[in-house]
Amino acid sequence: MANEYDVVVIGSGTGGYVAAIRAAQLGLATAVVERAPVLGGTCLNWGCIPTKALLEHAHALKIAQDWKEWGLTIGQASIGLDMNQVQSRKDKIVKGLTGGIEFLFKKNKIDWIKGSGRLAGKGTVEITDGDKKTLTAKKDIIVATGSQPRGVPGITIDKKRIITSDEAINLKEIPKSIAIMGSGAVGVEFASIFRRFGSEVTIVELLPRLVPIEDEAVSAELERSFKKQGIKVLTGTKVGSAKVGANGVDLEAQTPDGKTAKISAELLLVATGRGPVTSGLGAEDAGLAMDRGYIKVDAQYRTNVPGISAIGDVITFEQPGHPQLAHLSSAEGVALAERIAGREFRAINYDQVPGCTYCDPEIGSVGLSEAKARARGFDVAVGTFKFGVLGRAKIAGETEGFVKIVADKKYDEILGVHMIGPRSTELVAEATLALKLECTVEELIRTIHAHPTMSEAVAEAAHATHGSAIHA
Ligand SMILES: Cc1cc2nc3c(=O)[nH]c(=O)nc-3n(C[C@H](O)[C@H](O)[C@H](O)COP(=O)(O)OP(=O)(O)OC[C@H]3O[C@@H](n4cnc5c(N)ncnc54)[C@H](O)[C@@H]3O)c2cc1C
């Protein structure tokens, strides 16, 4: 009957749309409620895809600016950017991908219900605007309402001078200067984009190092490279105030030595993290257990209310925190849809979720950092190999960075792989498979890596872990 489904998914981000497709593949009648005018959520529209498109432009500009080195016959002394073309290329990519999800919905006979979904009693979702109607879910409701930029107390985001990533991806003009608060993935990616586009960039991080969740050696290498590129880095620094003036924003910040730093920039980008989206969802009325706005779930993504599950950026576990990553929300969507369809539940190992940061140089990591491995009591062996030695890195003109392997001395098992340098966001796939298969360092050494490739750095780092690096 119309409006009756096995599964109703609220939110069409990488969590929701993937859960819906997997549920439909397994024979479940599925609807997705989405209130944005497009499918795909943050990742496709305001996150992963637009930022990586801008970073690719930054990379193209880098090659063009080094035209003499590359023997290109561009013949211009200064090479610039047409931001209208940059934006329209980015928008075309986004449109193609979101349209692709609409196609997949049709192919899998998934209904897109346009409007805001509200939990309205057992197995019921009310659409409060748009296609006003009530849907029933015989098996499960999946909440995948995602996240949005989170502000900082005392700093008003006016979306003109003080902006978030939502505005930064759509800028039609390159700011002369930009201050960035926060050096997580979003902050450092925009630092790379704007620096390459020609802005003066200052990045302010409260914690003592950039990309604080990465291995310490990676943070140190990124700081070194950023400084070399002319990005001002202020770590251990707390922004106290941000005042908007006629020409920009004036910040006052406390540096680690107790001094006050004054920073003036045309724009301030607040990239201090993202908070859960539950507005209009009726989560409290439905009785969902929450923690600081996030929906609490168990290891199989069940909320405390039978018949309602949740995945993606909007959820939280007891400990440790739940990473906000597109591929993780998708993996959770697949695992959950399979559980709802009565298949065996395949739990995700949260120690094996790769993280990629597409700044310049790129970062890819999976598993335990050296510090975490030691904190868990492992007798740790470490091997590091620098990209600079590799033929392929020299050919690409990208010789910064390294691959670092963290292993358990007792069983030789690989516990973590951390890399910063060319193609690290691709190379991390091999490391992720190695962790998934509980590979030993010896097995990685005996895996033949093609020459000349960047992946040779992974093999050499494995060799280095056993003290047998060939090219070092
Ligand atoms: C600038 C930026 C760059 C990023 N880059 C990366 C990256 O490179 N790699 C990576 O893995 N991750 C990246 N992320 C994170 C990634 O985008 C998120 O982890 C991912 O989108 C989470 O997916 P989700 O399905 O949980 O939620 P979302 O993608 O946020 O989707 C939630 C959807 O639910 C809809 N919705 C909310 N409430 C309702 C309601 N009541 N009714 C109907 N619809 C509703 C929203 O409109 C939205 O479309 C980035 C994020 C940002 C901001």
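Sequential numbering from 1 along the given sequence is applied to the chain's residues. What's counted below: heavy atoms across the whole structure, side chains too, no hydrogens, waters or symmetry copies. When a ligand or atom number is given, it counts from 1 through the structure's own listing order. Owing to the predicted nature of the structure, the values given are computational and were not obtained by experimental measurement.
When each atom of ligand 1 is checked for a heavy atom of G41 under 4.0 Å away, the hits are 29 (O), 31 (O), 48 (C), 49 (O). Atoms of ligand 1 lying under 4.0 Å from at least one heavy atom of L325, given by number and element, are 11 (O), 12 (N), 19 (O). Residue contact check: Q324 has heavy atoms under 4.0 Å from atoms 15 (C), 19 (O) of ligand 1. Using a 4.0 Å cut-off to heavy atoms of S165, the atoms of ligand 1 that qualify are 1 (C), 53 (C).
For Y17, the heavy-atom gap to ligand 1 stays at 4.0 angstrom or more. Within the 4.0 Å heavy-atom shell around ligand 1 one finds G115. Residue contact check for ligand 1: Q148 places no non-hydrogen atom closer than 4.0 Å to it.
For the residue pair S147 and D313, a side-chain donor N or O sits within less than 3.5 Å of a side-chain acceptor on the partner.
Rounding to the nearest 0.5 Å places CG of D6 at 9.5 Å from OG1 of T136.
Checked against S225 for a side-chain hydrogen bond (donor to acceptor under 3.5 Å, both in side chains), the options K228, Q229, K227 give a single hit: Q229.
Remark: ligand 1 and G280 share no N or O pair separated by less than 3.5 Å (distance only, no angle test).
The heavy atom nearest to atom 7 (C) of ligand 1, out of those in A185, C48, G333, G187, is found in C48. Evaluated by nearest non-hydrogen atom to atom 5 (N) of ligand 1, the leading choice among K52, E189, H327 is K52. Checking G11, G47, A283, S12 against atom 3 (C) of ligand 1, the nearest heavy atom belongs to G47. Checking P276, A144, S279 against atom 32 (C) of ligand 1, the nearest heavy atom belongs to A144.
With salt bridges taken as basic N to acidic carboxylate O contacts below 4.0 Å, none links E344 and R339.
When heavy-atom distances to ligand 1 are checked against a 4.0 Å cut-off, R118 has no atom that comes that close, whether in backbone or side chain.
Distance alone, capped at 3.5 Å, is enough to place a donor-acceptor pair between the S329 side chain and the G15 backbone. Formation of a donor-acceptor pair under 3.5 Å by the S199 side chain with backbone atoms of P175 is found in this model. Put simply, the side chain of T145 gets close to the backbone of V277: a donor and an acceptor are under 3.5 Å apart.
For Q300, the CD atom sits in a packed shell: over 12 heavy atoms of surrounding residues, nucleotides or ligands are nearer than 6.0 Å.
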If you apply the rule side-chain hydrogen bond (donor to acceptor under 3.5 Å, both in side chains), what do you find for S219 with E223, and how did you get there? CA-CA 6 Å; S219 298; E223 180 165 341; over 6 Å; no
